[in-house]
Structures are given as structure tokens and as C-alpha cells.
Amino acid sequence: MALQFYNTATRSKEPFTLPEGVPAVRIYCCGPTVYHFAHIGNLRTYIFEDFLRRTLEYYGFAVNHVVNITDVGHLTSDGDDGDDKMEKGALRTGKTVWEVADYYTQTFMKDWKALNIIEPSIWCKATDHIQQQIQLVKTLEEKGYTYRTSDGIYFDSAKFPRYPDFAHLDVENLQQGSRIEMGEKRSATDFALWKFSPKDQKRAMEWDSPWGIGFPGWHIECSAMAMHHLGETLDIHCGGSDHIRVHHTNEIAQSECATGKPFARFWMHGEFLRMGSDKMSKSAGEFLTVSLLQEKGFNPLDYRLFALTSHYRNYLNFTWEALENARESLKSLHKKTDVLIGKADLIQSELALRFKNEFQEAIGDDLNMPKALGILNSMLKENLEESEKAALVLDFDRVLGLNLGSIREEYAPKQENVDVFKIDALISLRNEARKNKNWAESDRIRDELKSMNITIKDGPNGTEWSL
RNA sequence: GGCGACGUACCCAAGUUGGUAAGGGACGGCUCUGCAAAAGCCUUAUUCCUCGGUUCGAGUCCGAGCGUUGCCUCCA
């Protein structure tokens with residue numbers, strides 16, 4: 001029952017343990033840049049990190065989980081010609097950059113809640129840690145890892161020979177095919193630690209520093225905040241797979257040069273959600289958000305279950321059909337578990353303990369959630385005492401986070417102009433016809449309701465309708 | 001150009017050190033119902049992109065090919 005995770009640093013699965021004397025797992029997860037809504041692809045990564053956290057807790061570890069909110073507008077390129085994402089967001093919405101950051105931070109946290117992602121121990125904002133970032137750059141400068149150009153202070157990657165190792169970079173060929181603008185950089189892999197504000201204009205966000213007025217570079221915030229809140233070495237550092245080559249490589253370089261210690265023991269990366277050929281993903285402003293799914297009648301947890309059906313290191317293809325699958329799947333899961341609510345008791349039979357054990361092994365094997373789901377389903381089919389089933393459902397749901405311990409919340413598609421009065425009238429007309437065995441009339445009324453998108457079902461307690 | 005990932009039934013997807021294809025959804029069938037819907041039950045791949053090789057035995061290892069796709073620029 002050894003807990004093991006795939007470590008990007010070694011490209012292999014390794015047993016996870018905590019070093020002597022460390023009371024809680026120190027996890028840092030790269031969070032969002034709050035200049036726009038998070039789309040469900042972004043959210044997939046946070047769901048993966050949530051499984052990770054819950055799995056660690058299931059295994060009895062205390063967890064110190066830090067997630068950053070990037071509210072500094074970094075430029076979109078290394079030169080001076082890129083746009084600032086935050087300022088772009090401000091322009092788009094007609095708000096100040098601070099309002100933009102605040103607004104999208106709030107909606108982001110709402111999404112977390114809707115997806116039943118456990119809040120991190122600490123949310124940290126980049127703008128609240130400018131001094132720590134400046135301090136880190138100063139340390140790097142003192143140790144001789146930096147150089148100055150006309151537009152900023154840069155990290156000299158040539159001084160860190162291990163630079164290419166983490167991402168298996170082929171630095172020679174990187175330059176050949178890159179689209180990186182060199183500017184005054186000495187090497188394509190050098191990166192800005194501190195950027196100067198343009199002399200002729202005032203930026204919406206800028207700070208004083210030993211090098212003049214400006215703003216922090218792209219990567220420094222994560223190193224500064226992670227070390228500020230968790231210490232110089234982390235146990236696990238997570239992010240999306242796109243971070244491996246640039247962001248995390250640079251974080252390692254600057255952090256390890258500053259401290260002389262390993263920055264993180266484990267690196268874990270979530271793979272992307274794909275949108276297939278669906279156009280809506282790419283076209284600006286049309287990407288899929290949690291609230292859009294809700295408008296279409298999905299419970300956010302339907303999406304959580306969808307994310308649960310594939311392994312975090314594999315691509316997941318998003319299609320509406322697949323989401324509907326997940327919704328049906330969650331519904332039928334609830335059918336089986338809702339009747340168990342309140343019946344939980346001890347897990348003690350040999351069979352029940354075996355299920356618990358299998359479940360624990362699945363999640364502990366690099367978060368094999370699809371397998372864990374399969375175990376839940378098999379368990380529900382098995383001939384077990386209801387009290388044990390109920391207990392196992394609650395136990396598993398500590399990790400799955402599907403709220404199987406409470407009744408499912410339905411999300412009806414948004415539909416204006418539903419005339420409840422008329423529907424009720426039609427239904428009683430139909431029931432009158434049925435009483436008289438006038439089947440033709442009752443079927444006609446049902447068709448009429450159907451044309452209004454109303455589905456009815458005749459149950460023992462009368463007729464129910466739904467959209 | 002460099003570095004990767006993936007290709008398992010209609011759809012999503014698991015498959016640990018090679019041993020004879022989890023699970024979910026849809027479909028279909030049955031039960032129930034005036035008929036539907038709902039509910040319950042059952043069923044669904046001699047086969048894992050192709051071709052070779054290793055092996056008593058390969059989805060699982062090796063080689064080649066085909067296809068899809070990501071990163072290398074802010075990006076989860």
C-alpha cells in the first residue's frame with residue numbers, strides 16, 4: 001500500500017514519503033493569472049491537484065497547500081512590445097487592473113467551490129509579495145547570477161549548468177527553431193527577473209526597487225512565494241504540463257541558485273484537456289466556463305466526474321457527449337448512493353475491507369482515479385450490508401469529492417417563459433383523460449407538452465414533469 | 001528543427017513486474033406500465049492503428065510505418 005507518484009524530475013514513479021521532522025506535506029500549485037475567466041481546461045489541473053491533496057490526506061498526511069493568484073500583468077513577450085495581460089483585461093472590461101484582478105479572483109474561487117475543490121491552506125497574491133520577489137532577485141544578484149540590460153535584470157542561465165536537465169532541453173536546437181526574441185539577452189534561455197517601466201509611460205502596476213521603478217519578471221513570483229510560505233524546499237510542486245519547459249525550469253534555476261538547495265522533491269504535472277475540433281475552445285471569449293456548463297443544465301460536479309474518468313497524465317478529450325455521459329453516470333451513482341444516506345456504520349467485513357484496500361491502492365498508485373471509480377461501482381453492485389456500503393461511499397467520497405453523501409442537486413437548463421400554470425393544467429387534463437381511458441387524448445396532451453420540451457413521468461405519487 | 005504524448009467496443013476510459021480485455025455512458029433485449037417515461041435486470045471487443053520481431057504466451061517488450069496531438073511565446 002505504498003503511496004507513489006510520477007515525478008517529472010526523474011520521469012518515473014517514486015514512493016512518496018515525508019522527510020524526517022517535516023510535519024505536513026509542503027505543496028505549491030501554480031495558480032491562475034486573473035485577467036480573464038478560468039476555462040474548464042484550466043480547472044482540470046486544479047481538480048487533479050485536489051485529488052492529489054485529498055489522496056495525501058486519505059493516507060494520513062497533513063497538508064500545507066499553497067496556491068498563488070497572479071495579479072501582476074506580465075508582458076506577453078520578452079521584448080518591450082508585448083501587451084500586458086492585466087492591462088488588456090482592463091481595457092476589455094473598462095475597469096482598472098485592480099478591479100479586474102479582484103473580479104476574476106472572485107469568480108475563480110467560486111468555480112473552485114462549485115467543483116468541490118478544497119480551499120488551499122493559503123492563497124497568495126503576487127502583488128502582496130513584491131518585497132519577497134525583490135529580495136530574491138537581490139540574492140541572485142549578490143551571488144552573481146544576473147546581468148543588467150536596458151530593459152531589466154536578467155537571469156544568466158549559463159551560470160546554472162543543470163539548466164536543461166529538468167525538461168531534457170536541447171539548448172542548441174531550441175535556439176534554432178525558437179520564436180524567442182533575443183533583445184539584449186545573452187542566451188535564449190535567459191529570462192527577466194525584474195523589468196523596468198518604460199521611461200515615457202506610467203504603468204498601471206509598478207513598484208520601486210533597487211534597480212528603479214518596474215515590475216517583477218514572469219517566474220520570480222512563484223519561487224518567492226513558495227519559499228516564503230513553505231520554506232526553501234517543497235515536497236511537491238504542481239502545475240500544468242505546459243509549465244515544464246519554461247516556467248518550472250526557470251523556477252528551479254532561480255530558486256536553487258539562490259538557496260543552493262533542491263527546490264522541490266516531487267514535480268507533478270497535469271495534462272491538458274482537449275477540445276477536439278470544437279471551435280468554441282479557441283475563439284476568444286467563447287471558451288467553456290463552469291457557469292456556461294451550468295447554463296446548459298450541467299451540475300459542475302458532472303464535470304468533476306468527467307475529469308475523474310481519465311488519468312491526470314493523459315490528455316482528456318472534451319465533447320458534449322462525454323460530458324453527458326458523465327452526467328448520466330453521476331445521476332445513476334446518486335440513485336445507488338442516495339438511498340444509503342444516513343446508514344453508515346462500521347466497515348468490518350472482509351469483503352468491505354478488501355474494497356477499501358483496493359480503493360486506497362488505486363488512488364495511491366499515482367492517482368489512478370479511473371480505477372478507483374471502477375472499484376466504487378463494483379462495490380455498489382456487491383452483496384454487502386447497506387451500513388457498510390454507506391460507510392464505504394462516504395469513505396471514498398473523501399477523495400472523489402462528488403458529494404455522494406448528500407442528495408444530488410439538479411441543474412435545469414436556463415429556460416425563460418416556462419408557464420408552470422399551463423403545464424399543471426395540461427397535466428390534470430391528461431390525467432382526467434386517463435381516468436376515462438381516453439388514451440388518444442392523453443397521448444395527444446403528452447405530445448403537446450413534449451413540444452414545449454416538457455417530459456412527464458407517471459409515478460405512484462402522481463405525475464411529475466421536468467424540462 | 002528539437003523535446004514529448006497518445007491511438008483499446010458506438011462514445012469516454014483502466015489495464016501494475018507480459019499469462020489470456022476493468023468501469024461508466026449510449027444502444028439493444030427483458031420485467032413493469034393503457035402506451036410512454038422512470039425504475040429493475042440482462043447483454044455488448046476471440047480482440048487492443050498496421051506490419052514485422054522476441055516469447056510457451058504480448059494490448060502490455062523491441063523495431064519500422066501510419067494517424068492524431070502538445071510543448072518549445074503568456075498559457076493549466
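Here is the naming used below: chain letters follow the sequence lines, and residue numbers restart at 1 for every chain. Since we're looking at a predicted model, the values are computed, not measured. Computed from heavy atoms alone, side chains included, the values below leave out hydrogens, waters and symmetry copies.
Note on A/K381: only backbone sugar-phosphate atoms sit closer than 4.0 angstrom, heavy atoms only; bases stay farther off. Counting any heavy atom pair closer than 4.0 Å across all strands shown, A/S332 reaches sugar-phosphate atoms only and no base atom. Within the 4.0 angstrom heavy-atom criterion, only backbone atoms of the sugar-phosphate kind lie near A/Y46; the bases stay farther away. Using a 4.0 Å heavy-atom distance criterion, A/L305 is classed as making no nucleic acid contact. At a threshold of 4.0 angstrom between heavy atoms, the contacts of A/G239 are confined to the sugar-phosphate backbone, with no base atom among them. Counting non-hydrogen atoms under 4.0 angstrom, A/R313 reaches nothing in the nucleic acid.
Put simply, CG on A/D165 is 15 Å from P on B/C3, counting in whole angstrom units. As a whole-Å value, the separation of A/F191 CZ from B/C72 P is 16 Å. Between A/L449 atom CG and B/C35 atom P there is a gap of 20 Å when expressed in whole angstrom units. A/I375 places its CD1 atom 14 Å from the C1' atom of B/G24, with the value rounded to the nearest Å. With rounding to whole Å, A/K435 atom NZ is found 20 Å from B/C35 atom P. Counting to the nearest Å, the P atom of B/A76 and the CH2 atom of A/W267 are 16 Å from each other. For the pair A/D242 CG and B/C71 C1', the computed distance is 8 Å after rounding to whole Å. Separating the CG atom of A/N431 from the C1' atom of B/U33 is a distance of 14 Å, rounded to the nearest angstrom.
Each of B/C72, B/G4, B/C75 was ranked by its minimum atom distance to the side chain of A/H243; first place goes to B/C75. When distances run from any side-chain atom of A/K457 to the nucleotides B/G24, B/A38, B/C3, the shortest one goes to B/A38. Considering only the side chain of A/D443, B/G34 comes nearest among B/A14, B/G34, B/C71. Across B/C75, B/G4, B/G34, the shortest atom-to-atom separation from the side chain of A/H168 is found for B/G4. Distance from the side chain of A/N377 is smallest for B/G23 among the nucleotides B/A14, B/C71, B/G23.
RNA chain B is contacted by both A/N42 and A/S378; A/S378 maps to the nucleotide lying nearer its 5′ end (nearest heavy atom per residue). When each of A/D365 and A/R430 is assigned the nucleotide of RNA chain B with its nearest heavy atom, A/D365 is the one assigned upstream, toward the 5' end.
Across the P atoms, B/A9 and B/A22 are found 14 Å apart, a figure rounded to whole Å. Comparing B/A64 with B/C56, their C1' atoms are spaced 26 Å from each other, to the whole Å. Atom C1' of B/U17 sits at a distance of 38 Å from the matching atom of B/C75, rounded to the whole Å. A distance of about 26 Å separates the C1' atoms of B/U20 and B/C11, rounded to the whole Å. With P as the reference atom, B/C10 and B/G63 are 30 Å apart, rounded to whole Å. Nucleotides B/U43 and B/C35 have their P atoms positioned 26 Å apart, rounded to a whole Å. Comparing B/U46 with B/A38, their P atoms sit 30 Å apart, to the nearest whole Å. Comparing the C1' positions of B/C51 and B/G70 gives a spacing of 27 Å, expressed to the nearest Å.
By the 6.0 Å and 45° rule, A/K95 stacks over the aromatic ring of A/Y103.
Panel note: side chain A/D71, backbone A/A101; no donor-acceptor pair is recorded below 3.5 Å. Judged by distance alone, with hydrogens and angles left aside, the side-chain atoms of A/S187 form a donor-acceptor pair with the main-chain N or O of A/T189 at under 3.5 Å.
Base pairing of B/G59: no nucleotide in any strand meets the Watson-Crick or G-U wobble criterion (both distances under 3.5 Å). With a cut-off of 3.5 Å on both pairing distances, B/A14 has no Watson-Crick or G-U wobble partner at all. Nucleotide B/A22 has no partner under the Watson-Crick or G-U criteria, as no pair reaches both atom distances under 3.5 Å. Across all strands shown, B/A5 pairs with B/U68; the Watson-Crick or G-U wobble distances both stay below 3.5 Å. Using Watson-Crick or G-U wobble geometry with both donor-acceptor distances under 3.5 Å, B/G40 finds its partner in B/C30.
Screening A/Y59, A/F5, A/Y6 for a ring pair (Phe, Tyr, Trp, His ring centres under 6.0 Å) with A/F16, the sole residue that qualifies is A/F5.
Within 3.5 Å, no donor on the side chain of A/R44 pairs with an acceptor on the base of B/A76, nor the reverse.
Aromatic pair A/Y46/A/W112: centroids less than 6.0 angstrom apart. Centroid-to-centroid, the aromatic rings of A/F166 and A/W267 come within less than 6.0 Å.
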### Task
Go through the steps to decide whether A/N68 and A/Y28 satisfy the test side chain to side chain contact (heavy atoms under 4.5 Å, CB included), and finish with yes or no.
CA-CA 8 Å; A/N68 69 292; A/Y28 183 88; 3.1 Å; yes
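A donor and an acceptor atom, one from each side chain of A/N314 and A/H311, are nowhere located under 3.5 Å apart. Checking A/H229 against A/H129 by side-chain atom types alone, a donor-acceptor pair falls below 3.5 Å.
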### Base-contact (B) and sugar-phosphate-only (S) positions in nucleotides 6-13 of chain B, heavy-atom cut-off under 4.0 Å, - elsewhere
S----BSS
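In this structure, the side-chain contact (heavy atoms from CB on, under 4.5 Å) partners of A/A90, at least two apart in sequence or on a different chain, are A/V97, A/V100.
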